[in-house]
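For reference, the structure is listed below as structure tokens.
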Protein chains: 2
Amino acid sequence: MAVVGDGTDRTSGVELPFADPAGRPTLRTVAELAGVHVSTVSRVLNHVGGPGVRPASRTTSERIRRIAERVGYSPNPHATGLRTSRSHLVGVLVPRLVDIVLATIYEGIEEATATYGFSTFVANTGDDPAAQRRRTEMVLARRVDGMIFGDAYVDGGFLDEVAGRGVPFVLVSRRAGAYPSVTCDDVLGGRLAAEHLLSLGHRDLAVIAGEPYASTGIDRTAGFLAACDAAGVGVPDSRVVHSRFDTEGGREAMSRILADGAVPTGVFVVNDFTAIGAMGVLRDAGLVVGRDVAVVGFNDVPLAGSLPVGLTTVRSPMHEMGVRAAHLLMRRLASEEVASERLVPVLVPRASTLGDRRV
Amino acid sequence: MAVVGDGTDRTSGVELPFADPAGRPTLRTVAELAGVHVSTVSRVLNHVGGPGVRPASRTTSERIRRIAERVGYSPNPHATGLRTSRSHLVGVLVPRLVDIVLATIYEGIEEATATYGFSTFVANTGDDPAAQRRRTEMVLARRVDGMIFGDAYVDGGFLDEVAGRGVPFVLVSRRAGAYPSVTCDDVLGGRLAAEHLLSLGHRDLAVIAGEPYASTGIDRTAGFLAACDAAGVGVPDSRVVHSRFDTEGGREAMSRILADGAVPTGVFVVNDFTAIGAMGVLRDAGLVVGRDVAVVGFNDVPLAGSLPVGLTTVRSPMHEMGVRAAHLLMRRLASEEVASERLVPVLVPRASTLGDRRV
DNA sequence: CTGAAAGCGCTTACAG
DNA sequence: CTGAAAGCGCTTACAG
């Protein structure tokens, strides 16, 4: 690929024949310079290699390639897209990009799609159904080849509509209906959190469960409660509270739990930032996290280990989820049959459950 | 704008005449349904309104609009782009999208460009010059109308090359050369940090200054040192150390400062996450932040106020910077003369400098 | 092995 | 007020 300042003709100020309005070389530019027809240039440049038919004679092909390289030719994606009805574009919808979990997933998506020659649009929806519709419409208006939703509602109602439009898509982070998704094995993650707290002797537990429409919170909570149940430890309904996925959501939820009077000895929070908010409230209540109350978060964001009281958490492979979701979409675009993937989480014990026992 | 599931013909399974290969209505679809020529439809749909010439008779215009609405027509951007050589696309380069500062700025850019009917591509460069070239090339291959760089090196060398390519661009967050930029008034921000620490009586100061190629770190440090100088307080060179902009960078830098032996009573860190890393090292050294050592960060990320020891910091208008940068680029695309903008920061005092004095 | 033609879905002067 | 034509930069069967 030609690169900025790599000494191709583009930067030398030479006027190219049959350049586009911006002065960029076109297929025609290369064709004239090579003394062949544009269709020959197109065939040569699009030929992927391999045995069998050749797009042109060896010498012609080499000459064309050399000239294309020299003038810094790159095909006009509007022309290609118009002709082939393939845009090599992917639309990605997330609740919020400032959420490091989603930003990390998106980085994985972006990197992986780039290796296929695809570019991505991202947009925030704030988990608002109206915004989801609006943003989906914007993205479809751009004629993306496919979409990746990181903001699926577990009921999948909106996704049914999108599927009805014929747009291939996959889900990431959250599952919904029977649509192909790449998620963390959230049920397992919840179980790991429970087993950790139970193994430390905690029997008085609470869960800050996230939004009721997100499979992440639902599955993590279900896994946690199932493991508690299997161990014969009950968690009252009043001790399982929904919350937003941010720090403030954790503050609110923990306050509600404390308002009950009794303080649980162990709290599972389905998101690290939510856990940080919860820890703040515990601290403000004069409780020492890791000694008076054990807290387990979810995701293992980079900050978790840098906190004054290191946060015990369930590490989810966020970047990997993005990469895999991108691959899954690419396979869908190639009309392959695809199956959902559940990536394995790992418990990372730190001071918020171990107290002074330094890890 | 037609919306998913809004009851237009698109979702009803009706075959549209002259639809594109994906079954979407084209200009021709609308033209046939309205019984007029495609050029008339184009004129009507692109007419912005206003007095003077009309694109068609009132009744024709209304009929066309009604039909376009009903079939859910949205113009094929590849065709429009090919014809007009305008893509309504913007490329955005950032060091890393998982950095909440950049993610917040990008959200501002995305929102603002969307109001102009533009879409954006973002890509990470990790502040790596080779990646900057590669990503710029990818973005230009998409035929964006303009670019926004959030990862400028202060010397501006690479940007000179980009300018030579004729692509309009603006900078955000970091300034460079004489290129139009939207930044925080970082010099002022540094001064605010210094005045705060000086007013609390601190005379033994240190600075964790960020990367040497980023104007943010450079200007914040310069403003800080200038204010110290004006107050007759010297800061030795050995107490001004460069660092990466993340938590680990703060750990390394603070460790280097402490390795000197003497512990400063006040530390200015040019980035909140770097400050969090620095606070971790201080804590590990048995020092209490806010009592033994005062720490001031920069940006006021949402977490700053939720930390166990609330972080005193200089709030920069991150989202607003993104919005303004987008507007600035739009004006450049309209060939207007534009000037750089410096947005005003505000000091937010918290426990990391005030200790027990609750704010 | 290579050329010529048609056409993707638009916009925009130009006629009438 | 409206139509007809040309053409943006490609790709792809089809000839030869």
Side-chain angles (χ1 to χ4, degrees), chain A residues 16-48 52-64 68 71-88 117 141-143 145, chain B residues 16-48 52-64 68 71-88 117 141-143 145:
Chain A
L16 260 18
F18 304 102
D20 75 6
R24 295 188 185 94
T26 65
L27 213 50
R28 179 105 188 262
T29 305
V30 178
E32 298 289 334
L33 258 24
V36 296
H37 195 264
V38 288
S39 62
T40 306
V41 178
S42 178
R43 255 182 265 117
V44 168
L45 261 24
N46 289 322
H47 188 64
V48 277
V53 287
R54 296 191 310 175
S57 73
R58 197 186 166 83
T59 53
T60 304
S61 290
E62 280 174 1
R63 184 156 33 91
I64 287 171
V71 300
Y73 173 73
S74 89
N76 182 320
H78 298 119
T80 306
L82 180 57
R83 186 52 232 252
T84 64
S85 354
R86 288 290 240 105
S87 61
H88 290 255
R142 283 285 173 188
R143 304 301 197 261
D145 290 335
Chain B
L16 261 17
F18 304 102
D20 74 6
R24 293 189 186 93
T26 65
L27 213 49
R28 179 105 187 262
T29 305
V30 179
E32 299 289 333
L33 258 24
V36 295
H37 195 263
V38 288
S39 62
T40 305
V41 179
S42 178
R43 257 182 263 117
V44 168
L45 261 24
N46 289 322
H47 189 63
V48 277
V53 287
R54 295 191 309 176
S57 73
R58 197 187 167 81
T59 52
T60 304
S61 290
E62 280 173 2
R63 183 155 33 93
I64 287 171
V71 300
Y73 173 74
S74 90
N76 182 319
H78 299 118
T80 306
L82 180 58
R83 187 52 234 250
T84 63
S85 2
R86 286 291 238 106
S87 61
H88 291 255
R142 282 285 173 189
R143 304 300 197 263
D145 290 335

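Below, read A as the first sequence line, B as the second, and so on, with proteins coming before strands; counting in each chain starts at 1. Only a predicted model underlies this, so the values are computations on that prediction, with no experimental measurement involved.
Among residue pairs with one or both ends in residues 25-35 of chain A, those qualifying as salt bridge (charged side-chain N to carboxylate O under 4.0 Å, His left out) are A:R28-A:E32; sequence neighbours excluded.
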Tell me, what's DNA chain C's dot-bracket, Watson-Crick or G-U with both distances under 3.5 Å, | for other-strand, [ ] crossing?
-> |||.||||||||.|||
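Comparing D:dG9, C:dT2, D:dT2 against the side chain of A:T60 picks out C:dT2 as the nearest. Checking C:dG3, C:dG9, D:dG9 against the side-chain heavy atoms of B:T26 singles out C:dG9 as nearest. Counting only heavy atoms from C-beta on, B:S42 has its side chain closest to C:dT12 among D:dT12, C:dG9, C:dT12. Out of D:dG3, C:dG3, C:dC10, the shortest distance to the side chain of B:P75 is found at C:dC10. Of the candidate nucleotides C:dC10, C:dT12, D:dT2, C:dT12 has the atom lying nearest to any side-chain atom of B:S39. For A:P21, the listed nucleotide lying nearest its side chain is D:dC8; candidates were D:dC8, D:dG3, C:dC8.
Within the nucleic acid shown, B:S57 comes within 4.0 Å of sugar-phosphate atoms alone, with no base atom in reach, counting heavy atoms only. Using a 4.0 Å heavy-atom criterion, one finds that A:S85 contacts no nucleic acid atom at all. Nucleic acid contact for B:T80: sugar-phosphate only, since backbone atoms but no base atoms lie under 4.0 Å from a heavy atom of the residue.
Side-chain atoms of B:R43 and base atoms of D:dG3 include a donor and an acceptor less than 3.5 Å apart.
Evaluation of the salt bridge (Lys or Arg N to Asp or Glu O under 4.0 Å) rule for A:R63 yields no partner, not counting sequence neighbours. By the side chain to side chain contact (heavy atoms under 4.5 Å, CB included) test, B:S39 is found to be paired with B:H37, B:R43, residues two or more places apart in sequence or in another chain being considered. Qualifying side chain to side chain contact (heavy atoms under 4.5 Å, CB included) partners for B:A68, counting only residues two or more places apart in sequence or in other chains: B:V30, B:L45, B:Y73. Residues satisfying the side chain to side chain contact (heavy atoms under 4.5 Å, CB included) test with A:R143, not counting sequence neighbours, are B:D20, B:R24, B:S74, B:N76, B:P77, B:H78.
For the pair B:T26 (side chain) and B:F18 (backbone), a donor-acceptor distance under 3.5 Å is present. Side chain of A:S85 to main chain of B:A22: no donor-acceptor pair is present (N/O by atom type, distance under 3.5 Å, no hydrogens or angles).
As rounded to whole Å, 11 Å separates atom P of C:dG9 from atom CZ of B:R24. Note: CZ (B:R86) to P (D:dG9) measures 16 Å, nearest angstrom. When rounded to the nearest whole Å, the span between CZ of A:F18 and C1' of D:dC8 equals 15 Å. As a whole-Å value, the separation of B:N46 CG from C:dA13 P is 12 Å. The distance between atom CG of B:L82 and atom C1' of D:dC8, rounded to the nearest whole Å, is 4 Å. Taking atom CD of residue B:E32 and atom C1' of nucleotide C:dG9, one finds them 14 Å apart after rounding to whole Å. Regarding B:L27, its CG atom lies at a distance of 13 Å from the P atom of C:dC8, rounded to whole Å. Rounded to a whole Å, the CG atom of B:D20 is 8 Å from the P atom of C:dC10.
In this structure, OG1 in A:T80 is found 7.5 Å from CG in A:N46, a value given to the nearest 0.5 Å.
If A:T84 and B:A56 are placed on DNA chain D by their nearest nucleotide, the residue sitting closer to the 5' end is B:A56.
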